[in-house]
Every structure is written in structure tokens, then in C-alpha cells.
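Accompanying notes for the structure given below.
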Amino acid sequence: MEKIITRFPPSPTGYLHVGGARTALFNWLYARHMKGKFILRIEDTDIERSTRESVDAILEALEWIGIDWDEGPYFQSQRFDVYKKYAQKLLDSGQAYYCTCSREQLENMRKKAMEVGGKPKYDGTCRGKELSKTDDSVIRFKAPLVGTTVVEDVIKGNIVFQNSELDDFIIQRGDGTPTYNFAVVVDDITMGINTVIRGDDHVNNTPKQIMLFKAFGCPLPTFGHVPMVLGCDRTRLSKRHGAMSVTAYRDMGFLPDALINYLVRLGWSYGDQEFFSKDELIEKFSLENIGRSAGIFNMEKLLALNADHIKATPPGKLARHLLPFLRERNLNAEEGPYIESIIETLATRSKTLQEMAEGAMFYFQEEIEYEETAAKKFLTPSVLEPLNLLLMELNSLEHLSEKNLENAFIKIMEQTGLKLGKIAQPVRVALTGKTVSPGIFEMIHALGKKRTQARLKRAVEFITGQSDL
RNA sequence: GUCCCCAUCGUCUAGCCCGGUCCAGGACACCGGCCUUUCACGCCGGCAACAGGGGUUCAAAUCCCCUUGGGGACGCCA
């Protein structure tokens, strides 16, 4: 079978948003699954709106979510000569013509067409005129007037368009640059692309592109149009729906694999399975299981998936993702056993890396700051005894395993007659300053003997200092 | 306005192609309970959907038609 070649063609007029990331993912996953090739192409024929910053932002986002490409990035702005050559071919074979209609004229045509209840389109004024090139003439494609064009879509099935609905669209602007539909087809032909997976919003472009493929006598690629991602108000995703850019999710503390998992699962399914690693996605992805209806972006579910991915990621690997968030908080954390044991205590209670970093702060603070209500309630003279006993027990412990710690606490319970809760909460406040934290034993284990003892001593001093007053 | 697409719990979806095993399954969220030293995790249970109407058929979430609703596209943007 022919090698699958897919592509992702963003236009650099902004950051990479989650919708774009999803179509990139579908193309990439399909190429990887089929052991084919994935090409990155920057569609910057609109020189006005394209920026270098956008290109950089898009590449950065793709790299972060782990999408790599086998070829490119190609820039359409560097291929203008190719498009001109192809436009000339159409001119030569009589399948395209120069048009000198003004923008005002076009405006009027559209208005008139709308008035009689039709679709706004070019009326073919210059079609038979055999005009030659002028300074600002455009080139139009001579589209078939009658018949139908059918899009054989692998996701939606056959879609039939009446050619009479389409018009002689422009393929080259007055300034000599190619328009979108034209550049896409020339590129897909010259780059050997045989599988085009893109957003639903492109179905109406497809018959035009098919006409061009036919005009060039080239075989059609396989088309697949994936339903769009909608905002919570069921309209096209836009800024007012909140965070859109892929890197914004990185900054909020999402794991790239969690975002990937969520985005792919939104519109694609594999039975009842919800959790997928990246490799599993590559292994199981298929075009057949892409759904036909639009999906709504749901933050809650993304959060839940992120929590699952956090739990499933080994601490060492998680550490590398977490470190930037720690440094953001001016904590001097580094890779190593300490951060890994910290992560082990936090993984089950963090939905995002931001949350985890927040929860990890007390591990790095030299001087614990007690929450007022917590200190008032739990750091009282009556807990001096168990606190001191714990200090002693820790002295005699070789290994702070959770088992050993549990035994130590049991011993103290027996000696003081206090219930575990009565001992654990004060210790918790002493170690973290708060009443909410990871489990006592795992936390002491992570903290280590020195830090734990220092904090306990400080709490004892705090209590005696208070009661002296 | 015209054209195109879509339609199962609030949301993501399984089931639909190859009608019966579906008084519709899973997940998120939500609500209970269990576990428990706090918060979580985990476990158990609950709530909750085939848009409406016509056909076809012994039988329809599944096939056909219409209606309604939603989305998208109609640029010398992509």
C-alpha cells in the first residue's frame, strides 16, 4: 500500500489554539500509526497578517505537546514562483483567465445575488473576454458551470455539491500572490500529500480544491473532515471562551500527554477507554473511529484526565515538568530524590502542576508560617507531651519508613492515651503550618529526619513561648 | 438569504454501517455511603439521554422521509 503522507498547515496569524492542535494531532497520529510521513507547512501567503512571532509560537506549542514532523516547516511565502508556474499552466490550457473587475463591482455582484436569494458569487464578467495581464489583474479559475462535484469524505461519507453553486474563484491576487485554495492544492500535489485531515469548516473549500486537482490532472488525496470543537455556548471557539492557546494550558500546569489525550478523545473514541498514553494513541488511532458531530470543550474533564496522568507519571519524569512551577515560586528545587519523594506525597491530590507546586511549598520553607486558626486550635500546651515524645522516637529511628513511623505513633498513643487524630493534627500544623496536607507518615518520610525534627522543635518553642505570655 | 454538515444523559461518548442480546453501557461533573489522622486517592451506590412527527418491519436508538434545533461556509483570510 502507498505510504501515507499527511500534513498540518497552520497560518501564522496567532498562537496555536486547541482546535488547531487537535487537527495537527489527528494528522500526526494517523501518519505515525500508518508508519507514514507528517509534514509541517506554514501557510503565510497573506503577508499582511503573517508574523514571525506566530511561527515561533506555533512551533513552540507543537514541540511542547510532542508533535514532531518529518519534513518542513515549509513556508508558502518562499514558494511563490511555484504557484506562478502552476497558475500559468492553467492559463495556458485555458482553464484560468485574467479578470479586471474592481472590488466595488464584486461587492455589487454579491449584493445582487443575495437579493435574488442566491449565494454571493462572481458572475463571470471577464470569463470569455480573453483579457491579458494588467498591473492589478487577478487570475480566476474557470470552474465548470454544470454538473456536480462530490467529496468522498472518509469521515462524513459522500458530499455532493452542485457546480452551479460554485463560482470562478480567484487563484492569484493582483499582487501576484496565490490565494489559499490554490496554494493548498499546488502544495499538496508537489509535496505528495495523499491524506488531508482538517476541520469541518473546510468542507466548502473542498469542491474547489477538487476542481483544481482535476484541472491539473492529478489524483485526489483522501479527504477527512473532522467536526469542530465548540465553546460552552456551542459556537466556534474564540477568545471569549477563555484559554485557547496550547501554551496557556502548559502554563496552567497541564501535562502535554493529558492535553493530547483529552483533545483526541474529544471527537474520537476507542470503545469505553478514556485514558491513553501517547504511545497507546499512536497504536490505536484510526480514522474510522472519528465521530461526526461537534464537541464542546470541557475544562472539568480535562482536569480529571490531567489528574489521572499525574498519577500515572513516574515521579522522576513528573519532576522535570514540575520544576519550572517551583522555580516560579522562588523555591530552590532541583531534580533528585527529595523532589521525587515530595511528588509521591502530592500526586494523588493534585489536578494540575500549579496545584502540586502550591502544595509542595511547605517542603521547601525553612521557617514554617502557621496559619492563625490552625495554630490556635492545635499548637496548645497540651500537645507538648506528644510532640516531645515524637521527637524522641524519631531520634531512635534508623529508617523513616511509613511502617516505622506508624509504630512510633502507636507507641505515643499508648503512652499518652491520645487518639491518633489528637496527635497527628498538631504534628501536621507543626510540619506544614496548615491543617490540610499529605498523609502524616508519608510526609515525614519525604521530609526526612532533620527537617522534621527542626520543625517539631520549633513548634515546641512556639507553644512554650505562647504560654509564657 | 443560499449551500453544506450534525443530532444518545448537563458534557465527552459506546451502541447505529450488518434492525431483536439496549426498559440504552462507560467517563467527567453532581449527590449519597464506605475507608480514614486532615485533604485527597480508592471502592460501592444513585441521578440522568435515544430532539419531534411520520413511515418500513413481527421488531427501530439503529433503515427512509419531513419538521425542529444546532453548527459551519459563502473574501484579492486561511
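Note that these values count all heavy atoms, side chains included, but never hydrogens, waters or copies made by symmetry. A, B, ... follow the sequence lines: proteins, then strands. Residue 1 opens every chain.
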| task | Write down the atom of A/Gly224, the atom of A/Asp153, and the distance for their closest heavy-atom approach. | result | CA-OD1, 3.6 Å
| note | Quick note, ring pair (Phe, Tyr, Trp, His ring centres under 6.0 Å) partners involving residues 151-172 of chain A, not counting sequence neighbours, are A/Phe141-A/Phe169
| message | Using heavy-atom distances to pick each residue's nearest nucleotide on RNA chain B, tell me which of A/Gly291 and A/Glu165 is more 5'. | response | A/Glu165
| request: Can you sort out the partners of A/Asp308 under salt bridge (Lys or Arg N to Asp or Glu O under 4.0 Å), two or more places apart, ordered by chain and number? | output: A/Lys311
| said: Is it the case that the base of B/C41 and the side chain of A/Arg349 share a donor-acceptor contact (distance under 3.5 Å, atom types as modelled)? | reply: no
| What heavy-atom pair brings A/Lys156 and A/Arg292 nearest, and what distance separates the two atoms? | NZ-O, 4.0 Å
| said: Using atom P in both nucleotides, what's the gap between B/U2 and B/U67 to the nearest angstrom? | reply: 13 Å
| query | Using atom C1' of each nucleotide, how far apart are B/C39 and B/C47 to the nearest Å? | reply | 26 Å
| task | Please measure how far the P atom in B/A60 lies from the corresponding atom in B/A24, and state the result in whole Å. | result | 16 Å
| task | Please step through salt bridge (Lys or Arg N to Asp or Glu O under 4.0 Å) for the pair A/Glu442 and A/Arg349, ending with a clear verdict. | result | CA-CA 13 Å; A/Glu442 45 175 340; A/Arg349 57 201 94 222; 3.1 Å; yes
| query | Tell me: CZ of A/Phe275 to C1' of B/A14, nearest whole Å? | reply | 20 Å
| field | Within residues 108-127 of chain A or reaching into it, pairs that qualify as salt bridge (Lys or Arg N to Asp or Glu O under 4.0 Å) - sequence neighbours excluded | value | A/Glu107-A/Arg110, A/Lys119-A/Glu165, A/Arg127-A/Asp168
| field | Heavy-atom protein contacts under 4.0 Å, nucleotides 23-31 of chain B, coded B base, S sugar-phosphate only, - none | value | --BBBSS--
| said: What's the separation between atom CG in A/Leu131 and atom OG in A/Ser137, rounded to the nearest 0.5 Å? | reply: 8.0 Å
| task | Could you check which residues of residues 412-424 of chain A get a heavy atom under 4.0 Å from RNA chain B? Sort them by number, please. | result | A/Leu420, A/Gly421, A/Ala424
| said: Taking the C1' atom in each of B/A48 and B/A73, what is the distance between them to the nearest angstrom? | reply: 35 Å
| Can you tell which of B/U37, B/C76, B/C39 lies closest to the side chain of A/Arg110? | B/C76
| said: Using modelled atom types and a 3.5 Å cut-off, is there a donor and acceptor pairing between side-chain atoms of A/Asn261 and backbone atoms of A/Glu274? | reply: yes
| task | Quick one: closest heavy-atom pair of A/Phe8 and A/Leu40, and the distance? | result | O-CD1, 3.4 Å
| query | A/Ile159 or A/Gly439: which one's nearest nucleotide on RNA chain B is closer to the 5' end? | reply | A/Ile159
| task | Produce a footprint string for nucleotides 60-72 of chain B: one letter per nucleotide, 5' end first; B if the base is under 4.0 Å from any protein heavy atom, S if only the sugar-phosphate is, - if neither. | result | -----------SB
| query | Within this structure, what is the CD-to-C1' distance between A/Gln209 and B/A78, rounded to whole angstrom? | reply | 11 Å
